[in-house]
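What follows is a set of notes on a single structure, which appears directly below.
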Amino acid sequence: LANVMSAEDLSKYAASDVADALKRVAGVNIVEGQFAIIRGLEDRYSSTTYNGAPVPSPDPDRQSVQLDLFPSDVVSNLVVEKTFAASSPSNSSGGSIDIVTTDYPEELDFKISLGSGFEENARERFLELQEASATGREGTRGTDIIESDIGASVGGRREIAGRELRAKAVVNWEIDYGTELGIQEGREHDSAWVPGGRRPLFVRRFQSGDLSLGELGLSDGRYEQTTSAREEQLTAYVGLGIDLDEEALHRIDASFFWTRKQDETVQLRENGFIPGFDYSFLAQSEIDGNGITPADFLGFSTLGAFGGRGSLDDPAIRTTPPQRGALWFTNFSQSRSFERERDLPVLQLPGEHTFAGLDDLHA
């Protein structure tokens, strides 16, 4: 019913953030690399707490916290509870995730970490975000996609006037590059209505099967799709704790966490085509100076593919140019690019008190 992952576990799995670490927990799925789905329930049915206190979501449209904002460097323990408990926030019917940072080294500890590398796809091709351009620009230098991971931490405990003083600080800066290469195509079942008929007539295309064959017809061509993303994240964490008495019955632990993450994404679809269609006569038509008209695509696809109305045996229907459809747009590229910046500050001042004279009342 509960899983606990320590900082050592996160290091062993090479998890860069909390979202990446939760991929290893049974019964937990990560959506969009950010949101956790516990036991199949949507992310809005799960709560996220920071040292036991609810964390506000930086996304105004969702109550779920974006877990990729918490680097593994600041996590001491990650507690995943898959059932609802009385101590859980009210929106924990699916489960809860507690990010625990209040853990201090027993001895003075100082660490510096340096990391670098590259992704093979990004080395082959990387589309860099360019202002006022949806297609971005091609990365020309190999050093443009070299990743960086620089971090430093210091912490420890010390006794002052019979009281323990605890401190921990973490700073981390990380840049990642990645490129996804693949094919993008859309498929849907085509249908046309027979005039005066009361039921739809399903029409097969020439180049592919249809639903009767257990397949879906190609509706908007096939494109080569390249998606490049650059992520940069800066994180700072400071924790300070002190015992208010020598018996350590009363203690206070203050912490401040701040992170800023910038994402730049460029998605480009190019070299679109309809499989099985002969484009040679279109090229020749352009060479001859005749141009290309919708009528040039007749004979390749039935009218049903374009939502036409009428009987397929009607000569008028067979000679009517298609009014819409992917064939007329398939030679054109499609692209989009966007950048996003998110930041999350969390200031916390928790206390822990035990009143020995009141039957060890704990608050």
Side-chain angles (χ1 to χ4, degrees), residues 10 15-23 30-36 43-44 46-50 53-75 97 99 101 113 115-119 121-122 125-139 141 143-153 169-180 225-238 255-268 334-348:
L10 270 64
S16 59
D17 51 54
V18 170
D20 192 23
L22 289 175
K23 296 177 182 178
I30 300 299
V31 178
E32 301 176 13
Q34 302 173 2
F35 305 101
D43 52 272
R44 63 191 180 97
S46 303
S47 65
T48 301
T49 56
Y50 176 85
V55 182
S57 172
D59 190 334
D61 298 324
R62 308 179 72 154
Q63 72 171 8
S64 303
V65 178
Q66 300 167 353
L67 298 174
D68 63 324
L69 292 176
F70 294 91
S72 57
D73 293 332
V74 304
V75 180
I97 301 169
I99 302 171
T101 64
S113 62
S116 184
F118 63 88
E119 185 191 72
N121 286 342
R125 186 184 190 187
F126 185 79
L127 302 177
E128 183 180 355
L129 183 70
Q130 186 177 22
E131 187 175 356
S133 171
T135 60
R137 61 184 177 185
E138 298 280 351
R141 300 190 304 272
T143 55
D144 290 342
I145 53 88
I146 298 298
E147 300 178 349
S148 303
D149 189 352
I150 303 173
S153 64
V170 177
V171 177
N172 189 75
W173 178 59
E174 183 177 3
I175 299 180
D176 293 320
Y177 297 88
T179 294
E180 297 178 357
Q225 179 168 294
T226 302
T227 303
S228 295
R230 178 186 183 274
E231 297 181 353
E232 179 178 357
Q233 185 170 11
L234 177 62
T235 303
Y237 169 83
V238 177
S255 68
F256 175 73
F257 168 80
W258 173 82
T259 187
R260 182 187 65 194
K261 191 166 188 176
Q262 295 174 298
D263 304 296
E264 298 177 354
T265 303
V266 179
Q267 185 180 85
L268 174 63
Q334 303 176 27
S335 62
R336 64 175 184 152
S337 63
F338 59 89
E339 57 182 334
R340 175 179 58 176
E341 179 175 326
R342 297 170 289 159
D343 69 299
L344 177 65
V346 180
L347 177 63
Q348 195 175 64

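For this chain, numbers begin at 1 and follow the sequence in order.
Other residues, nucleotides and ligands place more than 12 heavy atoms under 6.0 Å from the CZ atom of Arg62. Taking a 6.0 Å sphere around CD of Gln130, one finds it holds more than 12 heavy atoms contributed by other residues, nucleotides or ligands. Counted within 6.0 Å of CH2 on Trp258, heavy atoms from surrounding residues, nucleotides or ligands total more than 12; the atom is thus considered enclosed.
Here the side chains of Glu147 and Ile175 are not in contact, with every heavy-atom distance at 4.5 Å or above. For the pair Ile97 and Leu67, the minimum side-chain heavy-atom distance is below 4.5 Å. A 4.5 Å side-chain heavy-atom check between Thr227 and Val266 finds every atom pair outside the cut-off. Within the 4.5 Å cutoff, the side chain of Phe256 has no heavy atoms near those of the Tyr237 side chain. In this structure the side chain of Arg125 reaches within 4.5 angstrom of the side chain of Glu138, judged on heavy atoms. Side-chain contact between Val65 and Phe70 is present, with at least one heavy-atom pair separated by less than 4.5 Å. In this structure, Ser148 and Glu174 have side chains that are not in contact, with every pair of non-hydrogen atoms separated by 4.5 Å or more. In this structure, the side chains of Ser228 and Glu128 stay at 4.5 Å or more apart for every pair of heavy atoms.
No side-chain donor from either of Thr226 and Gln267 sits under 3.5 Å from a side-chain acceptor of the other. For the residue pair Thr179/Asn121, the side-chain donor-acceptor check at 3.5 Å is not satisfied. A side-chain donor-acceptor contact under 3.5 Å links Thr259 and Thr235.
In this structure, the side chain of Ser255 does not engage the main chain of Val238 through any donor-acceptor pair within 3.5 Å. For Ser337 (side chain) and Ser133 (main-chain N/O), a donor-acceptor pair under 3.5 Å exists by modelled atom type.
Atoms CD and CD1, on Glu119 and Ile146 in that order, are 12.0 Å from each other to the nearest 0.5 Å. With rounding to the nearest 0.5 Å, the separation of CG in Leu127 from CG in Leu268 is 6.0 Å. Between the CD atom in Gln262 and the CG atom in Leu129 there is a gap of 11.0 Å [rounded to 0.5 Å]. Separating the CG atom in Asp176 from the CZ atom in Phe118 is a distance of 14.0 Å, to the nearest 0.5 Å. To the nearest 0.5 Å, atoms CG (Leu344) and CZ (Phe257) are separated by 6.0 Å.
Of all the heavy atoms in Asp17 and Asp20, the pair that sits closest is OD1-N, 2.8 Å. When all heavy atoms of Asn172 and Gly151 are compared, the closest pair comes out as OD1-CA, 3.6 Å. In terms of heavy-atom proximity, Ile30 sits nearest to Ala19 at CG1-O, 3.4 Å. When every heavy atom of Ser72 is checked against every heavy atom of Ala15, the shortest pair comes out as OG-O, 2.8 Å. Contact between Gln348 and Ala53 at its shortest, heavy atoms only, is NE2-CB, 3.2 Å. Between Ser46 and Ala36, the closest heavy-atom pair is OG-O, 4.4 Å.
A salt bridge does not link Asp263 with Arg230: none of the charged nitrogens is closer than 4.0 Å to a carboxylate oxygen.
Aromatic rings of Phe126 and Tyr177 (six-membered ring for Trp) have centroids within the 6.0 Å cut-off, being under it.
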Verdict with reasoning, Gln66 to Arg342, per side-chain hydrogen bond (donor to acceptor under 3.5 Å, both in side chains): CA-CA 10 Å; Gln66 300 167 353; Arg342 297 170 289 159; 2.7 Å; yes
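Checking each of Val170, Thr101, Ile99 against Val75 for a side-chain contact (heavy atoms from CB on, under 4.5 Å) leaves exactly one that passes, namely Ile99. For the salt bridge (Lys or Arg N to Asp or Glu O under 4.0 Å) with Lys261, the qualifying choice from Glu232, Glu231, Glu341, Glu339 is Glu231, the only one to do so.
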